[in-house]
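Written out below as structure tokens is the structure these notes cover.
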Amino acid sequence: MVGISQVIRRIAHAGVLVMGLGLAGGALAEDVTTYRSTAPFDEVRQNLADAIVNRGYVIDYEAHIGKMLVRTAGDVGASKTLFAKGRANAMQFCSAVLSRTTMQADVTNIAYCPYVLFVFQARSDDPAVTVGFRRLPARGSAESKAALAKVNKLLDDIAREAAGP
């Protein structure tokens with residue numbers, strides 16, 4: 001049985017993911033870094049999870065965005081398929097070290113925590129899988145910019161590893 005606090009927590013996580021992916025704020029294309037892989041979706045998705053966990057981080061939440069869009073398509077009158085077989089996920093995690101560094105430089109950098117990476121297969125006729133993240137802006141003091149650059153480097157390293165050679 002799911003308690004009300006668990007439901008509220010799940011809704012809050014979903015809201016963070018939507019904001020983190022820039023779906024609510026309309027991220028510009030240049031703010032999003034992506035890599036393509038020819039490996040199957042499930043393999044790339046697992047590579048992404050492994051790339052996060054093998055660095056010692058915990059995946060706080062995995063959103064099954066594609067499945068949600070398939071499930072709710074009729075409710076919103078949608079007729080267009082966005083992701084092949086609902087294959088679109090986002091994973092969020094945090095780094096105590098990097099988060100503290102970014103927030104010590106500027107407490108408003110809390111807006112970028114947790115960190116989110118995504119993986120999807122856009123069409124059934126295109127087997128390529130995309131892995132990526134929304135690049136954090138270089139903002140604030142030199143200390144803040146340097147700390148945010150370290151987060152971007154981490155996210156880039158994880159996305160590249162997940163996409164493979």
Side-chain angles (χ1 to χ4, degrees), residues 12-55 57-70 72-73 76 78 80-95 98-99 101-103 105-106 108-140 144-165:
H13 281 288
V16 167
L17 281 169
V18 168
M19 289 185 298
L21 286 172
L23 299 177
L28 301 173
E30 60 267 17
D31 293 342
V32 178
T33 298
T34 60
Y35 299 99
R36 290 173 56 92
S37 174
T38 57
F41 175 82
D42 289 334
E43 182 178 321
V44 179
R45 191 218 140 274
Q46 187 61 52
N47 290 348
L48 179 57
D50 291 346
I52 294 168
V53 171
N54 289 343
R55 284 173 169 77
Y57 303 119
V58 174
I59 298 170
D60 296 318
Y61 184 74
E62 181 172 1
H64 300 272
I65 298 168
K67 289 179 181 175
M68 178 273 299
L69 291 172
V70 168
T72 60
V76 298
K80 182 178 180 180
T81 299
L82 301 174
F83 302 104
K85 299 179 184 175
R87 293 178 176 152
N89 293 19
M91 296 179 197
Q92 75 177 33
F93 72 98
C94 209
S95 162
L98 289 177
S99 295
T101 303
T102 63
M103 289 177 229
D106 183 339
T108 61
N109 285 337
I110 192 173
Y112 306 118
C113 188
Y115 312 125
V116 179
L117 291 113
F118 58 84
V119 57
F120 67 83
Q121 181 183 355
R123 298 185 327 261
S124 296
D125 63 336
D126 180 2
V129 174
T130 301
V131 181
F133 64 98
R134 187 174 74 175
R135 189 167 290 282
L136 306 183
R139 62 174 293 281
S144 178
K145 288 176 184 174
L148 293 168
K150 287 181 182 177
V151 174
N152 283 331
K153 169 88 168 84
L154 172 66
L155 295 174
D156 193 66
D157 288 349
I158 291 171
R160 283 179 189 265
E161 183 179 325

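Treat the numbers as computed from the prediction; the structure is a model and nothing was measured.
- Considering all non-hydrogen atoms of both residues, Pro40 and Val129 come closest at C-CG2, 4.1 Å.
- Residues meeting the ring pair (Phe, Tyr, Trp, His ring centres under 6.0 Å) test with Phe83, sequence neighbours left out: Phe120.
- Atom CG of residue Leu136 and atom OG of residue Ser144 lie 10.0 Å apart, to the nearest 0.5 angstrom.
- A distance of 10.5 Å separates CZ in Arg135 from OG1 in Thr34, rounded to the nearest 0.5 Å.
- With a 4.5 Å cut-off on side-chain heavy atoms, Asn54 and Ile52 do not count as touching.
- Interatomic distance, Leu48 CG to Ser37 OG, rounded to the nearest 0.5 Å: 11.5 Å.
- Applying the salt bridge (Lys or Arg N to Asp or Glu O under 4.0 Å) rule to Arg87 yields no partners; only residues at least two apart in sequence or on another chain are considered.
- The minimum heavy-atom distance between Phe41 and Asn89, with the atom names listed, is CZ-OD1, 4.1 Å.
- For the pair Val53 and Phe93, the minimum side-chain heavy-atom distance is 4.5 Å or more.
- For Lys145, the NZ atom counts as densely surrounded, since its 6.0 Å shell holds more than 12 non-hydrogen atoms of other residues, nucleotides or ligands.
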Steps toward side-chain hydrogen bond (donor to acceptor under 3.5 Å, both in side chains) verdict (Asp60, Gln92)
CA-CA 6 Å; Asp60 296 318; Gln92 75 177 33; 4.6 Å; no
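- For the pair Val116 and Ala90, the tightest heavy-atom approach, listed with the atom from each and the gap, is CG1-CB, 4.0 Å.
- The side-chain hydrogen bond (donor to acceptor under 3.5 Å, both in side chains) search around Arg139 returns Asp106, Thr108, Asn109, not counting sequence neighbours.
- Side-chain contact between Leu154 and Lys150 is absent, with no heavy-atom pair separated by less than 4.5 Å.
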Take Met91 and Arg45 through the test side-chain contact (heavy atoms from CB on, under 4.5 Å) and record every step on the way to the result.
CA-CA 10 Å; Met91 296 179 197; Arg45 191 218 140 274; 3.9 Å; yes
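- We find the NE2-CG distance between His64 and Leu69 to be 13.0 Å, quoted to the nearest 0.5 Å.
- Here Thr38 pairs with nothing under the side-chain hydrogen bond (donor to acceptor under 3.5 Å, both in side chains) rule; sequence neighbours left out.
- At least one side-chain heavy atom of Leu117 sits under 4.5 Å from a side-chain heavy atom of Ile158.
- Atoms CG and CE, on Leu98 and Met103 in that order, are 10.0 Å from each other to the nearest 0.5 Å.
- Residues passing the salt bridge (Lys or Arg N to Asp or Glu O under 4.0 Å) test with Lys153, sequence neighbours excluded: Asp157.
- Taking 4.5 Å as the limit, some side-chain heavy atom of Tyr35 sits within range of a side-chain heavy atom of Asp156.
- Residues Gly86 and Val70 come closest through the heavy atom pair CA-CG2, 3.9 Å.
- Atoms CZ and CG, on Arg134 and Asn152 in that order, are 11.0 Å from each other to the nearest 0.5 Å.
- Looking at Glu161, its side chain never comes within 3.5 Å of a backbone N or O of Ala163 through a donor-acceptor pair.
- For the 3.5 Å distance criterion, the side chains of Ser99 and Tyr115 qualify, holding a donor opposite an acceptor.
- Within the structure, salt bridge (charged side-chain N to carboxylate O under 4.0 Å, His left out) contacts touching residues 35-44 (residues at least two apart or in different chains) are Arg36-Asp126.
- Here the closest heavy-atom approach between residue Pro137 and residue Leu148 is recorded as O-CD1, 3.2 Å.
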